[in-house]
Amino acid sequence: YAVLLEEYERAREAWISQGSQAADLLINHEGLNRSQYRAANIPVWANNADNYFNGGIPEKACLNLEKFAASSIKANKGFSPPSHPVFDVMERLCRARDDFNEVMGRFALVFRRNLFAFISKEVERRKRERNVRTFDDLIADTHAALAGQEGSLFAAAVRNRFRAALIDEFQDTDPLQYRIFNGIFS
């Protein structure tokens with residue numbers, strides 16, 4: 001995050017002092033690829049950058065900021081892309097932002113995985129503590145009993161008590177429910 005903040009401050013200073021010159025250079029460069037850099041779009045992008053750098057939030061997205069990054073600026077054949085210190089600073093900022101977003105994405109994935117594991121354990125602990133069972137718990141318990149050491153005895157006891165099973169809306173039967181009925185009545 002420190003690298004992003006440093007690059008943001010450098011880019012902010014460069015944009016505030018020279019951003020309009022850099023935008024004008026893009027607008028007036030005769031060899032710039034106009035399919036990617038329409039002259040009418042550049043002032044809109046510059047306005048977005050003005051708002052971004054005046055907002056003071058470096059991790060916030062800035063629409064089209066990469067349009068001012070050196071590696072994004074392409075010229076037509078026979079021309080060199082325009083060069084300006086702002087383009088180089090924006091390049092470093094975009095790279096720092098992308099690196100930060102990648103790290104935060106991995107962090108968020110690990111956080112979600114750990115949160116899910118914690119919540120799953122905590123829900124099970126609270127259900128045990130309160131002696132609560134859900135419909136899914138009953139299905140899972142029944143399947144586990146059938147798959148356990150005494151599963152064949154359990155299946156036989158159910159078969160002896162119930163000679164058949166009528167399944168209403170069979171299309172809504174999930175695979176675990178199907179395995180239960182198949183294991184008992186097949």
Sequence neighbours excluded, which residues qualify as side-chain hydrogen bond (donor to acceptor under 3.5 Å, both in side chains) partners of Arg133? Asp141

Working for ring-ring contact (aromatic ring centres under 6.0 Å, His included), residues Tyr52 and Tyr8: CA-CA 10 Å; Tyr52 175 65; Tyr8 174 82; 5.5 Å; yes

Residue pair Trp15 / Val89, side-chain heavy-atom distance below 4.5 Å: no

Co-membership, hydrophobic cluster, residues Met104 and Val110, 4.5 Å side-chain: no

I want to check something: taking the side chain as every heavy atom from C-beta on, are Ile167 and Thr173 in contact at a cut-off of under 4.5 Å? yes

Mind checking whether Leu93 and Leu4 have side chains closer than 4.5 Å, heavy atoms only? yes

Salt bridge (Lys or Arg N to Asp or Glu O under 4.0 Å) partners of Lys127, counting only residues at least two apart: Glu124, Asp137

Should the heavy atoms of other residues, nucleotides or ligands under 6.0 Å from CZ of Arg125 be counted, would the total exceed 12? yes

With rounding to the nearest 0.5 angstrom, report the CG to CD1 distance, Asp24 to Ile42. 9.5 Å

Gln177 side-chain N/O to Asp174 backbone N/O, donor-acceptor pair under 3.5 Å: yes

Are there more than 12 heavy atoms of other residues, nucleotides or ligands under 6.0 Å from atom CD of Gln149? no

Contact between Leu25 and Phe87 at the side-chain level, heavy atoms closer than 4.5 Å - yes or no? yes

Closest non-hydrogen atom pair between Glu7 and Ala96, with its separation: CG-CB, 3.9 Å

With a 4.5 Å cut-off on side-chain heavy-atom distances among I, L, V, M, F, W and Y, is there a chain of contacts connecting Phe107 to Phe116? no

After noting the C-alpha distance and the side-chain angles of Arg126 and Arg128, does the key distance pass the side chain to side chain contact (heavy atoms under 4.5 Å, CB included) rule? CA-CA 5 Å; Arg126 289 181 185 195; Arg128 278 191 311 276; over 6 Å; no

Hey, is CZ on Phe185 packed in by over 12 heavy atoms from elsewhere, all under 6.0 Å? yes

Residues passing the ring pair (Phe, Tyr, Trp, His ring centres under 6.0 Å) test with Tyr37, sequence neighbours excluded, are Trp45

Measuring only between side-chain heavy atoms, which start at C-beta, is Glu122 closer than 4.5 Å to Ile119? no

Residues Asn33 and Asn76: closest non-hydrogen pair is CA-OD1, 3.5 Å

Indicate whether any N or O donor in one side chain lies under 3.5 Å from an N or O acceptor in the other, for Asp136 and Thr134. no

For Ser80 against Ala75, the heavy-atom pair lying closest together: C-CB, 3.6 Å

Let me confirm one number: the CG-CZ distance from Asp99 to Arg97, rounded to the nearest 0.5 Å. 10.5 Å

Please give me the minimum heavy-atom distance between Ala155 and Gly183, naming the atom from each residue. CB-O, 4.1 Å

Is Tyr1 reachable from Leu109 through a run of I, L, V, M, F, W or Y residues, each pair having side-chain heavy atoms under 4.5 Å apart? no

Measure the spacing between CD1 of Ile27 and OG of Ser20 and express it to the nearest 0.5 Å. 10.0 Å

Which atom pair, heavy atoms only, marks the closest approach of Gly19 to Val86? N-CG2, 4.3 Å

Any heavy-atom pair between the side chains of Val123 and Phe118 that's under 4.5 Å? no

Between CD on residue Gln18 and CD on residue Glu13, distance to nearest 0.5 Å: 11.0 Å

Can you tell me if CZ on Arg38 sees more than 12 non-hydrogen neighbours from other groups inside 6.0 Å? no

Minimal heavy-atom distance between Leu26 and Pro82, with the atoms involved, is CD2-CG, 3.8 Å

Within one Ile-Leu-Val-Met-Phe-Trp-Tyr cluster: Ile184 and Tyr178, side-chain cutoff 4.5 Å: yes

Taking C-beta and beyond as the side chain, do Pro81 and Lys74 meet within less than 4.5 Å on heavy atoms? no

Rounded to the nearest 0.5 Å, what separates atom CG in Leu166 from atom CG in Asp168? 6.5 Å

Given Ile180 and Ile139, is the side chain to side chain contact (heavy atoms under 4.5 Å, CB included) satisfied, shown in steps? CA-CA 8 Å; Ile180 291 169; Ile139 290 173; 3.8 Å; yes

Looking only at atom types and distance, does a side-chain atom of Asn160 sit under 3.5 Å from a main-chain N or O of Ala156, one as donor and one as acceptor? yes

CD of Gln21 to NE2 of His84, rounded to nearest 0.5 Å, is 4.5 Å

Looking only at side chains, do Ser72 and Glu66 share a donor and an acceptor under 3.5 Å apart? no

What do you reckon, is CD of Glu129 surrounded by more than 12 foreign heavy atoms closer than 6.0 Å? yes

Using side-chain heavy atoms (C-beta onward) and a distance below 4.5 Å, is Arg92 in contact with Asp88? yes

Would Phe181 end up clustered with Phe135 when hydrophobic side chains under 4.5 Å apart are linked, directly or stepwise? yes

